[in-house]
Amino acid sequence: MFSGKIPILHAILSHSRKVRAAYHVPGHKMGRGLPGEIGAMLGAAGRLDLTEIPGLDDLHAPEGAILQAQRLAAEAFGAEETWFLVNGSTAGNLAMIMAAVKPGQQILVPRNLHKSVLNGLILAQAQPVFYNPDLDARYGIASGVDPETIREAVREHPEAKAVFVVSPTYHGICSDLAAIAQIAHEAGMLLLVDEAHGAHFAFHEDLPPTAMESGADLAVQSTHKTLGALTQSSMLHAQGERVDRVRLRKRLQLVQSTSPSYLLLASLDAARHQMATEGRHRFGKAMQALRDGVDRVRRELPDLELLTDAGKYRVDPLKWTIRVDRLGISGVQAYELLHERELVTLELADPRNVLAVFTYADTPLQVNRLVDALGRLASEGKGQNASDKVHANEQTGHAEQVLPFAREPFLLPPTPVMAVLPYEAFERESEPVALAEAAGRVAAETVIPYPPGIPVLVPGEVWTDEMVKYVQQLREAGVRFQGVEDTALRTVHVLT
Ligand SMILES: Cc1ncc(COP(=O)(O)O)c(C=O)c1O
């Protein structure tokens, strides 16, 4: 009944068929004892929620089904070696950074890093040297990183051990990784790529090249984000001789559970199999539907702008960054209206834009549904909804802030000065101060507008007036924050 090799899935299915009784964890005993609702919801999957027992291999020392599945994945994703991750790309980023740099060593990192990268820097006790990606002024978002920026950073910091790049960005903007790999390698540095949003690139020639194809030493991908694996399931890929793989394996053991979920592992295995067998066909169809959708948006919705071209950077055609502020509403408002009135939930919103993520699972139906909803938003947004919002906000005193704010260019202030390293700030005593009074103080916490989850200030950096104002604007636009004790951001923690 099995078509093709899906070793982990086949191992758990075969175990669950032949086993007579289970005297091992997990406590629900192959689904029998699961709480009613969960048991009903999981159905047959409850019986497959197993952990490391004979025949099912060991994630931390694989020699059976997991090893085979990881080898098949390496082949499918174009790597020499692949590790399955049950704690997301978060675990991959932590392990990758800890493997590449030792305490006190430098690593070049982009400002638009995900918080897991920052956490990796703290755990590794590394010294980050920040560089800035280009900015797309039309959309007010981070774009790609120019290889010249990396060349410059490498020249200024020749002792750095690695270059870390996020590509694609959350919005699907891709950097020229081949050029960056060459610069990093010529300088004797590793290239580590956070490819969390690009797990699908290997499966169609019209998609941008993968980090592995481009020569990266390590790349982490959230298989759960753009392919069919269950949430949290990700992969770390490696190639070449530059990375000490023994060191890397030890770091992976630090950040991964000793009881990995076999449902997650099997889903990685099956997602790889699905892509290897039908990926190209399904991405081909999804991308055709999206090209037709782009044509419709251009024809029918002239007030919306769709990011399909980021100048010299390639854009993943499966991501739609939709600029809505010309409707007189912010991206955050558009997101809420689409969610509440249209029952259409997008991936994220910022002051100007909303982001829709498409995958191989989408068809013309889903594309058209979104274009239809955007059409209603566009006609109502300019009239009834927008004026409702303005009126409502006028009553609460926010009208002046919301609409003009969405129309203003909205760019991150210059990178603040780092007074102490992030891991030192993480360890030191801190106290809360009112946000308005934070300028001049050293941040003790990371300030992360969420989504997209990219820190604007990291521990150890000095608050500036500009940064205080920027964060206040985000707060007033309804953006939520992570990384901070006071999520309403009335106060922020600074070093005492
Ligand atoms: C750029 C980037 N890197 C890493 C991650 C972490 O991935 P995961 O959620 O798989 O842990 C994310 C998650 O949103 C991300 O956007």
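Values below: every heavy atom of this structure, side chains too, minus hydrogens, waters and symmetry copies. First listed ligand is number 1; within each ligand, the first listed atom is number 1.
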Structural part of D194 in contact with ligand 1, heavy atom criterion under 4.0 angstrom: side chain

Polar side-chain atom of H60 near backbone of S257 as donor-acceptor pair, under 3.5 Å: yes

Non-hydrogen side-chain atoms of P110 and V165 separated by less than 4.5 Å: no

Pick from S233, G88, S89: the one approaching atom 7 (O) of ligand 1 most closely through a non-hydrogen atom: S89

Atom indices of ligand 1, in the order listed, that fall short of 4.0 Å to a heavy atom of A196: 2 (C), 3 (N), 4 (C)

Check: Y139 and E305 side chains under 4.5 Å, non-hydrogen atoms: yes

Backbone of G198 reached by a side-chain donor or acceptor of T226 within 3.5 Å: no

Q232 to ligand 1, any heavy atom closer than 4.0 Å: no

Note, R475 side chain near F481 side chain (heavy atom, < 4.5 Å): yes

Under-4.0 Å salt bridge between K312 and D176: no

S234: numbered ligand 1 atoms lying under 4.0 Å from its heavy atoms: 10 (O)

Test: R272 and E75 ion pair at under 4.0 Å: no

Interfacing atoms of ligand 1 (cut-off 4.0 Å, heavy-atom, T90): 6 (C), 7 (O), 8 (P), 11 (O)

Y170 N/O to ligand 1 N/O under 3.5 Å: no

Within reach of ligand 1, part of V220 (heavy-atom separation under 4.0 Å): neither

Those atoms of ligand 1 less than 4.0 Å from some heavy atom in S222: 7 (O), 8 (P), 10 (O)

N or O contact, K225 vs ligand 1, cut-off under 3.5 Å: yes

